[in-house]
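Data first, discussion second: the structure below is written as structure tokens.
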Amino acid sequence: MAVAPGVKLISAAGACPSPVWRRELIYRLSILLLTFLAYTSYHLSRKPISIVKNSAAFLDCGKVHNDSTRCKSWITQIDGKTEAEAKTFLGLLDTSYLFSYAFFMFGSGFVAERMDLRYFLSLGMIISGVFTFLFGFAKNAGIHSLWYLLAIQIVLGMFQATGWPGVVSVMANWFGKGKRGLIMGLWNSHTSLGNILGSLIAGAFVNYDWGLSFQVPGMIIAGVGFLLFLFMVPKPSDVGLAENSTTRVEEIDAENENAPLMDNKSSEDSEEPPFGRVQVLSEERAIGFLGALKIPGVVEFSLCLFFSKLVSYTFLYWLPNYIHSTSGVDAEESAVLSTIFDLGGIVGGTIAGLVSDNTGNPASTCAVMLIMAVPTMFMYEGLVTRWCPITADHGIPIHNSCFTWNIILTLVTGTLVNGPYALITTAVSAELGQHPSLRGSGKALATVTAIIDGTGSIGAAIGPFLAGALSGHGNWDNVFYMLMAADVFALIFLTRLVKQEVGRYLDRRRTVNETDTDYQSINS
């Protein structure tokens, strides 16, 4: 594999330290930073559509919500439609992107396994940036066609699908096994940070030039893609360092389907030194679609993510519009308020990773958060629409007790909704993709990640479309009933894995009690 030109230049200048452990530390830190920036920019460039749909210049349905209300829109096919029809058409913009993303996600894993990940990611990001820019260019060029915007969204979905399999594979190549949940939980804050920055950047321009709400994020993701092309090293062997490998002990453990999915080995035999690892001499093999589905836990976590991501992405694409329509705050303020949900996502991902690390029970961790999320969403919907809604003065929210309660409950909802989604897409995907039954095939990680995230992305496509159709007359109750039902289904698909984890916990307790009894008998 060709070494990144930026790395070549630094090495030629003699700036690389000579000790191997120090060089590896620098490379690892650079991978953490580059992959974090990469996926932050991926999400940053996805967010503008959820902000711009609240712009009066893009869509204005007035303040009266009934069947006779006619909307004014930038898009010719939506202009003059009723509010219900207009929101359904806007849902198509979300859905066309998300279905494209989900469809190409399944194929992107196979491509990522067989392609240099530096080219794979940088090319995907630069082209994503170009087409994000072209969406906003419709404002400058006076393009009012829905079909132009749908075509942009479909192409965007194809190239945005390069992101997740690529960054997770690079992370796994450099960091291997270990306390993966907390590291991945912190690292996965790029998702929420990207949403926050995307909301703030798009919101800054939305009231006077919505085209810039797309063009600026497009330039940012393209710039970060070029940075990856210059400096990213996809795996240690590309720069002469040792690869991570799977021990035979782990392979034997994984042959039993009841083995923990994220077991952290504590014995001296399986503990790997900080930087010294065994060199993998054999060529890694790729894995087929059916082979990946046979890995224990892949099907259950994929289906769980289908419903978890349905909920998360419905909030991602419609929360600003929900805040705007229920409180009367303007597009820029609703964009800022929606970032509280994403701050909760950072907290939720970190908590889920930490708990999963300490317990070794990722399925149970997800299940507890899903159970708590259902009543929290019910309370949030009641608070916002009936009990204590936000009030606005000329589009600016009034800071009173209701405003404070809305902020707190939005944060808690974001924590519980995004926690399971973050854990499954990062730590669980990475662990399953390096399952010892694959006999050290690190390449399989891209396929496993693509299957799990691709399945979740189908749910992510369905959720926003249904939300647009169900909220047509300003009635959001049915949207929240859908979200609560989706969380219940996500919980159901984790039942078998939760049962296994509880069984293992009880077995460990039984073993400890028997050991204590034997010890007391010997002493007596």
Side-chain angles (χ1 to χ4, degrees), residues 34 37-55 57-59 73-78 90 92-101 104-105 108 118-164 166-167 190-191 193-230 232 316-317 320 331-332 335 464:
L34 288 173
L37 287 175
Y39 216 68
T40 297
S41 63
Y42 270 106
H43 263 262
L44 182 150
S45 64
R46 295 175 191 176
K47 189 65 177 177
I49 187 65
S50 68
I51 306 302
V52 169
K53 68 175 62 168
N54 301 315
S55 167
F58 195 78
L59 177 68
S73 176
W74 173 268
I75 302 172
T76 303
Q77 288 82 355
I78 299 179
L90 278 185
L92 282 177
L93 285 176
D94 301 333
T95 306
S96 60
Y97 164 79
L98 291 167
F99 268 118
S100 173
Y101 178 87
F104 287 105
M105 176 61 71
S108 69
R118 180 168 63 91
Y119 295 139
F120 182 73
L121 282 169
S122 58
L123 184 67
M125 294 176 73
I126 291 171
I127 297 178
S128 292
V130 170
F131 278 88
T132 302
F133 185 93
L134 289 175
F135 194 108
F137 184 69
K139 173 72 164 57
N140 305 104
I143 301 173
H144 297 268
S145 172
L146 176 66
W147 308 114
Y148 170 84
L149 300 179
L150 287 175
I152 293 290
Q153 289 290 79
I154 291 169
V155 176
L156 266 175
M158 176 169 58
F159 286 99
Q160 286 262 334
T162 59
W164 197 237
V167 295
H190 52 48
T191 298
L193 181 61
N195 291 339
I196 292 169
L197 292 176
S199 296
L200 295 177
I201 292 171
F205 302 109
V206 67
N207 283 333
Y208 69 91
D209 188 350
W210 62 261
L212 288 174
S213 296
F214 290 92
Q215 290 168 344
V216 174
M219 289 186 284
I220 291 174
I221 186 175
V224 176
F226 185 65
L227 188 68
L228 259 66
F229 174 77
L230 291 178
M232 196 178 79
L316 173 69
Y317 281 95
E332 183 176 355

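- For the atom pair CH2 of Trp164 and OG of Ser108, the computed distance is 12.5 Å after rounding to the nearest 0.5 Å.
- Rounded to the nearest 0.5 Å, atoms CD1 (Ile51) and CG (Asn207) are 11.0 Å apart.
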For side chain to side chain contact (heavy atoms under 4.5 Å, CB included), just list the numbers for Phe104 and Thr162, CA-CA rounded to whole Å, side-chain angles, deciding distance to a tenth of an Å, and then say yes or no.
-> CA-CA 9 Å; Phe104 287 105; Thr162 59; over 6 Å; no
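- Here the side chain of Lys47 pairs no donor or acceptor atom with the backbone of Ile201 at under 3.5 angstrom.
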Criterion side chain to side chain contact (heavy atoms under 4.5 Å, CB included) on Lys139 and Phe214, from CA distance to verdict | CA-CA 10 Å; Lys139 173 72 164 57; Phe214 290 92; over 6 Å; no
Check step by step if side chain to side chain contact (heavy atoms under 4.5 Å, CB included) holds for Phe229 and Leu123.
-> CA-CA 8 Å; Phe229 174 77; Leu123 184 67; over 6 Å; no
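- Counting only N and O atoms by type, the side chains of Tyr42 and Thr191 include no donor and acceptor under 3.5 Å apart.
- Under the 6.0 Å distance and 45° angle rule, Arg46 does not count as a cation-pi partner of Tyr97.
- Taking the six-membered ring for Trp, Phe205 and Trp210 have ring centres at least 6.0 Å apart.
- Distance check: Ser73 OG to Lys53 NZ gives 12.0 Å after rounding to the nearest 0.5 Å.
- Interatomic distance, CD of Gln160 versus CE of Met105, reported as 9.5 Å (0.5 Å rounding).
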For Leu228 and Arg118, what are the C-alpha separation, side-chain angles and deciding distance, and is it a side chain to side chain contact (heavy atoms under 4.5 Å, CB included)?
-> CA-CA 7 Å; Leu228 259 66; Arg118 180 168 63 91; 5.7 Å; no
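- Scanning both residues, Ser128 and Gly124, for their nearest heavy atoms gives OG-O, 2.7 Å.
- Residues Leu90 and Phe58 are in side-chain contact: their nearest non-hydrogen atoms beyond the backbone lie under 4.5 Å apart.
- Across all non-hydrogen atoms, the minimal contact from Val52 to Val206 is CA-CG2, 3.9 Å.
- Side-chain atoms of Ser50 do not come within 3.5 Å of backbone N or O of Tyr317 as any donor-acceptor pair.
- Under the 3.5 Å distance criterion, the side-chain polar atoms of Thr132 are left unmatched by any main-chain donor or acceptor of Gly218.
- Atom CZ of Phe137 has 12 or fewer heavy atoms from other residues, nucleotides or ligands within 6.0 Å.
- In this structure, Phe131 and Ile152 approach most closely via the heavy-atom pair O-CG2, 3.3 Å.
- Taking 4.5 Å as the limit, some side-chain heavy atom of Gln77 sits within range of a side-chain heavy atom of Trp147.
- Without hydrogens or angle criteria, Gln153 side chain to Leu93 main chain gives a donor-acceptor distance under 3.5 Å.
- Among all heavy-atom pairs drawn from Ala335 and Gly203, the shortest one is CB-CA, 4.2 Å.
- One finds the CD1 atom of Ile127 at 11.0 Å from the CD1 atom of Ile221 (value rounded to the nearest 0.5 Å).
- Put simply, the side chain of His144 gets close to the backbone of Trp74: a donor and an acceptor are under 3.5 Å apart.
- Smallest separation of non-hydrogen atoms from Pro217 and Pro48: CG-CG, 3.9 Å.
- Going from atom OG of Ser41 over to atom CG of Leu197 covers 10.5 Å, rounded to the nearest 0.5 Å.
- Residues Ile49 and Phe135 share a closest heavy-atom pair of CD1-CZ, 4.0 Å.
- The side chain to side chain contact (heavy atoms under 4.5 Å, CB included) test with Leu44 singles out one residue from Ile196, Ile220, Val216, Asn195, and that residue is Ile220.
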